[in-house]
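Have a look at the structure below, then the notes.
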Number of protein chains: 2
Amino acid sequence: MLTPEKPRRKSAHDRLMQAAMSLFYDHGITGTGIDAIVERAGVAKKSLYNNFSSKADLVNQYLEARHAEWLGLYDKRVATANNPRERILAVFDAYQDHAEFAYERGFRGCGLLNAAAELEAGDTGRAAVRRHKEQVESILAQHLGDLLPNDPDRAKSLAEHIAFLLEGAMARAGLEGNSKRLLAARAVVRNMVEGL
Amino acid sequence: MLTPEKPRRKSAHDRLMQAAMSLFYDHGITGTGIDAIVERAGVAKKSLYNNFSSKADLVNQYLEARHAEWLGLYDKRVATANNPRERILAVFDAYQDHAEFAYERGFRGCGLLNAAAELEAGDTGRAAVRRHKEQVESILAQHLGDLLPNDPDRAKSLAEHIAFLLEGAMARAGLEGNSKRLLAARAVVRNMVEGL
DNA sequence: TAAAATAGGTATACCGGTCTGGCTACTTGG
DNA sequence: CCAAGTAGCCAGACCGGTATACCTATTTTA
């Protein structure tokens with residue numbers, strides 16, 4: 001049995017990113033040191049600096065990975081939705097999936113927003129988080145445009161409204177350590193779009 | 001002219017708290033060191049540990065002070081409101097006042113929520129932030145109860161809805177560095193309560 | 001084909017600097 | 001006189017980041 005192309009161990013890069021995903025989310029970015037990351041990854045410190053140019057670089061790649069992670073969950077959810085209303089709710093479901101499965105040590109809200117909260121004003125990471133939130137709002141606007149083809153202004157305004165509900169519910173859910181508030185917001189939105 | 005009760009210089013406690021308010025908001029809690037606080041306050045490090053038992057104690061008092069600060073702004077706004085609808089909007093106006101006047105180095109969203117984002121899961125500070133958010137929601141519920149005396153369930157549900165809008169708009173506003181989103185949420189809420 | 005070069009991993013030690021917190025010794029105002 | 005302030009040093013841990021040296025696959029080349 002020749003298995004020539006099977007690395008039995010993940011690359012240092014992957015192990016480091018996995019460790020960063022967990023530690024940055026649980027303890028924050030400033031609260032997580034390089035040493036803790038390499039220890040969790042089971043990797044030499046040199047390997048971190050072979051794969052990332054600095055901690056800031058690792059943080060930026062972490063933010064991109066979180067964004068991609070949510071996009072993947074959303075893509076799965078939206079694939080099984082049959083109309084614009086369900087596709088809007090798919091946005092909430094994707095965050096719900098995030099909340100339920102992605103975190104081992106308890107739910108703490110949106111990792112991207114939490115990260116942005118402790119980044120300095122001019123940090124490029126803040127812009128990445130902002131792009132993510134704008135993409136979510138733009139996805140909502142697109143589905144609402146399908147639902148209200150004759151009233152694009154109202155579609156845009158409703159997208160902002162729903163984005164606020166989503167963000168606010170996530171924030172409260174993170175504070176409370178569970179996703180009940182997220183479910184409440186989803187129910188509000190279901191009622192909102194029902195009448196469109 | 002005897003001016004026996006006029007300390008020409010604020011107490012070390014007040015100067016420390018003022019420095020903490022500014023630095024914790026701008027650079028985060030973990031990102032702000034003791035030395036930076038005492039330097040900004042123009043105070044000896046010993047004075048910090050005379051007035052606060054630890055940095056965690058200072059952080060907790062900081063969170064309480066921020067809560068009290070918002071309550072003061074809200075009290076001012078609600079005093080000039082003439083009906084439940086205006087009193088609901090006063091909640092938004094208080095946050096707007098916060099955004100416009102309280103921060104010298106740029107708006108970064110809700111200081112309490114930002115702080116909670118970087119506190120560990122079990123930290124008592126997170127509970128303080130949660131109490132603040134629950135009080136805001138309870139204020140909204142009270143005014144909506146005045147507006148809908150025959151439908152307490154709907155009042156409660158609307159209070160949660162509006163609290164989400166407020167929180168989500170604050171989060172987005174903080175990301176974007178200005179309070180436009182807060183104004184947008186206020187407008188949405190004004191329309192919502194208009195028809196009640 | 002066999003030797004050499006390369007890429008990426010490992011482990012350990014170290015750098016200057018900052019962290020929280022405690023300490024001494026001196027000064028000042030009521 | 002004394003409480004509360006001052007300046008500054010120190011300990012021990014941790015910060016991000018670098019340096020050195022070794023190991024082991026794979027790949028290139030003579």
Side-chain angles (χ1 to χ4, degrees), chain A residues 1-24 26-63 115 118-120 122-125, chain B residues 1-24 26-63 115 118-120 122-125:
Chain A
M1 293 272 292
L2 302 173
T3 55
E5 309 290 335
K6 207 177 283 169
R8 53 190 49 80
R9 191 168 191 269
K10 276 187 172 176
S11 73
H13 181 284
D14 289 357
R15 294 173 63 81
L16 284 162
M17 183 54 72
Q18 193 174 319
M21 297 272 277
S22 165
L23 292 173
F24 283 158
D26 289 341
H27 307 296
I29 290 173
T30 317
T32 301
I34 289 291
D35 292 350
I37 295 171
V38 304
E39 185 188 344
R40 163 72 69 99
V43 136
K45 199 192 262 198
K46 184 85 194 294
S47 295
L48 193 155
Y49 287 98
N50 282 343
N51 288 277
F52 305 91
S53 64
S54 65
K55 183 185 181 182
D57 181 29
L58 175 59
V59 169
N60 286 330
Q61 292 198 36
Y62 159 75
L63 296 175
E118 60 177 315
L119 293 175
E120 292 290 325
D123 196 295
T124 61
Chain B
M1 294 272 293
L2 301 173
T3 56
E5 308 293 335
K6 207 177 281 173
R8 53 190 50 80
R9 191 168 191 267
K10 277 186 172 178
S11 73
H13 182 285
D14 289 357
R15 296 173 62 81
L16 284 163
M17 182 54 72
Q18 192 174 318
M21 297 272 276
S22 165
L23 292 172
F24 283 158
D26 290 341
H27 307 298
I29 290 173
T30 317
T32 300
I34 290 290
D35 291 349
I37 294 171
V38 302
E39 185 189 345
R40 163 72 70 100
V43 137
K45 197 191 281 193
K46 184 82 196 294
S47 296
L48 192 155
Y49 287 98
N50 282 344
N51 288 278
F52 305 92
S53 65
S54 66
K55 183 185 181 182
D57 181 28
L58 174 60
V59 168
N60 286 330
Q61 293 199 34
Y62 159 75
L63 297 174
E118 60 178 315
L119 293 176
E120 293 289 327
D123 196 294
T124 61

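Labels below follow one simple rule: chain letters A, B, ... track the order of the sequence lines, proteins then strands, and each chain is numbered from 1.
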Under 3.5 Å donor-acceptor pairs involving side-chain atoms of residues 41-52 of chain A, not counting sequence neighbours:
residue: A:Lys45; atom: NZ; partner: A:Asp35; partner atom: OD1; Å: 3.1
residue: A:Asn51; atom: ND2; partner: A:Ser47; partner atom: O; Å: 2.7

B:Ala44, nearest nucleotide to its side chain (from D:dG17, D:dT6, C:dG9):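 Of all the options, the side chain of B:Ala44 is nearest to D:dT6.
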
Shortest side-chain distance from A:Asn50, nucleotide among C:dG9, C:dT20, D:dG5: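 The closest nucleotide is C:dG9.
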
Sugar-phosphate only, base, or nothing, as touched by A:Thr32 at under 4.0 Å among non-hydrogen atoms: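 Sugar-phosphate, no base atom in range.
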
A:Glu118 side chain vs A:Thr30 backbone, donor-acceptor pair below 3.5 Å: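 Indeed, once roles are kept as given, a pair shorter than 3.5 Å links the two residues.
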
Integer-rounded Å distance: [N] [atom2] and [X] [atom1]:
X: B:Leu48; N: D:dT6; atom1: CG; atom2: P; value: 11 Å
X: B:His27; N: C:dT18; atom1: NE2; atom2: C1'; value: 16 Å
X: A:Glu39; N: C:dT10; atom1: CD; atom2: C1'; value: 16 Å
X: B:Phe52; N: D:dA4; atom1: CZ; atom2: P; value: 15 Å
X: B:Asn51; N: D:dT6; atom1: CG; atom2: C1'; value: 14 Å
X: A:Ile34; N: D:dT18; atom1: CD1; atom2: P; value: 11 Å
X: A:Asp35; N: C:dC15; atom1: CG; atom2: P; value: 16 Å
X: A:Phe24; N: D:dG16; atom1: CZ; atom2: C1'; value: 12 Å

Heavy-atom protein contacts under 4.0 Å, nucleotides 22-27 of chain C, coded B base, S sugar-phosphate only, - none: BB----

Which residues share a side chain to side chain donor-acceptor pair (under 3.5 Å) with B:Gln18, sequence neighbours left out: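 Scan of B:Gln18 (side chain to side chain donor-acceptor pair (under 3.5 Å), adjacent residues dropped) gives B:Lys10.
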
Five-pair end axes of the helix from C:dT1-D:dA30 to C:dG30-D:dC1, angle between them (10°):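 Taking the rotation axis at each end, their angle is 20°.
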
side-chain N/O A:Ser47 vs C:dT10 OP1/OP2, d < 4.0 Å: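 The answer is yes; a side-chain N or O of A:Ser47 sits under 4.0 Å from OP1 or OP2.
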
Pairs under 3.5 angstrom only: tabulate donor-acceptor contacts from the side chains of residues 53-63 of chain B to other protein residues two or more places apart or in another chain.
residue: B:Ser54; atom: OG; partner: B:Ala56; partner atom: N; Å: 3.4
residue: B:Ser54; atom: OG; partner: B:Asp57; partner atom: N; Å: 3.2
residue: B:Lys55; atom: NZ; partner: B:Ile29; partner atom: O; Å: 3.0
residue: B:Lys55; atom: NZ; partner: B:Thr32; partner atom: O; Å: 2.8
residue: B:Asp57; atom: OD2; partner: B:Ser53; partner atom: N; Å: 3.0
residue: B:Asn60; atom: ND2; partner: B:Ala56; partner atom: O; Å: 3.3
residue: B:Gln61; atom: OE1; partner: B:His13; partner atom: NE2; Å: 3.4
residue: B:Tyr62; atom: OH; partner: B:Arg66; partner atom: NE; Å: 3.0

Which atom of A:Asp26 lies closest to which atom of B:Glu120, heavy atoms considered: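 In this case the closest contact between A:Asp26 and B:Glu120 is O-OE1, 4.1 Å.
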
